[in-house]
Amino acid sequence: MVTFHQKLLDQSKEIWNTILNHRFLRMTADGSIPDNTFKTWMRQDYIFVREAIPFIAILLAKAPLHLRSNFIDIITGLNTELGMFRKNAEAHGVNLENITPFPTCHAYSQFLMNTAYQRSFEEGFTVLYAAEKVYLDSWMEVKKNLKAQSPWQEFIDNWTSDGFQQYVDWLASTLDDLAQGKPAQALEKMEEMFIITARYEYLFWEMAAKEEGWPV
Ligand code: MP5
């Protein structure tokens, strides 16, 4: 039988392929990415990771008891990751003070908050799985096609580490457990959240590649 997370991945194959072929990832792998483009991503993702902490905290409040300590660990991990961003920002002369989210980063962060507050724990968990799985697969794609050591190596290593892979595997199997026995209508909502998240992930690479900004 196909597991629930596998079904989600099968349903979004086309979106996934489009994400993995994104020029941001290709240019990062072959070393042709302009510094400013990568730094744009760095600033925006710093905001995203920072805003992911309250998203996880709200999910923690809704989480079944046996998942609480996992959620505490996720928050700690995000906090550590912010330190990695600050360290690399300093090394590359990127200012992380007074940065504001671009439209896509803003909308995606708002979507996280709205999901955590308004939707079921299972739907929120689906969003978390989708976001992490995209990052694992995206950075794996970069690693696979890497031409030489990258100036952005620490980011590549972060989301391709054994620890991160194990975390994403855990998310997948926990999602399968959560989906077990749920009515079709609840599963459909989870499927919808998965696709919306994957689409936001595509937009996030696009935002960085075109250095989006606000038109006015
Ligand atoms: C992640 C991220 C992965 N950092 N940014 C986006 C836009 N999507 C997913 O999350 P984490 O918590 O950094 O592993």
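The basis for the numbers below is simple: all heavy atoms, side chains too, and nothing from hydrogens, waters or symmetry mates. Read the numbers this way: they start at 1 and go in the same order the structure lists the ligands and their atoms. Just so it is clear, the model here is predicted, and its values are computed rather than measured.
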Ionic contact status for Arg26 with Asp30, cut-off 4.0 Å: no
Can we say Glu192 and Lys189 salt-bridge, meaning some charged N sits less than 4.0 Å from an Asp/Glu carboxylate O? no
Salt bridge check: are Lys7 and Glu191 linked by an N-O gap of less than 4.0 Å? yes
Tested for ring pair (Phe, Tyr, Trp, His ring centres under 6.0 Å) against Phe194, the lone hit among Trp16, Phe125, Tyr200 is Trp16
Give me each pair satisfying salt bridge (Lys or Arg N to Asp or Glu O under 4.0 Å) with a member in residues 205-216, each pair once, sequence neighbours excluded. Arg23-Glu206
Does the pair Glu154/Lys87 count as a salt bridge with the N-to-O cut at 4.0 Å? yes
Just to be sure I understand the cut-off, which residues have at least one non-hydrogen atom under 4.0 angstrom from an atom of ligand 1? Asp45, Phe48, Val49, Leu78, Glu81, Tyr108, Ala131, Glu132, Tyr135, Trp159, Phe164, Glu201, Phe204
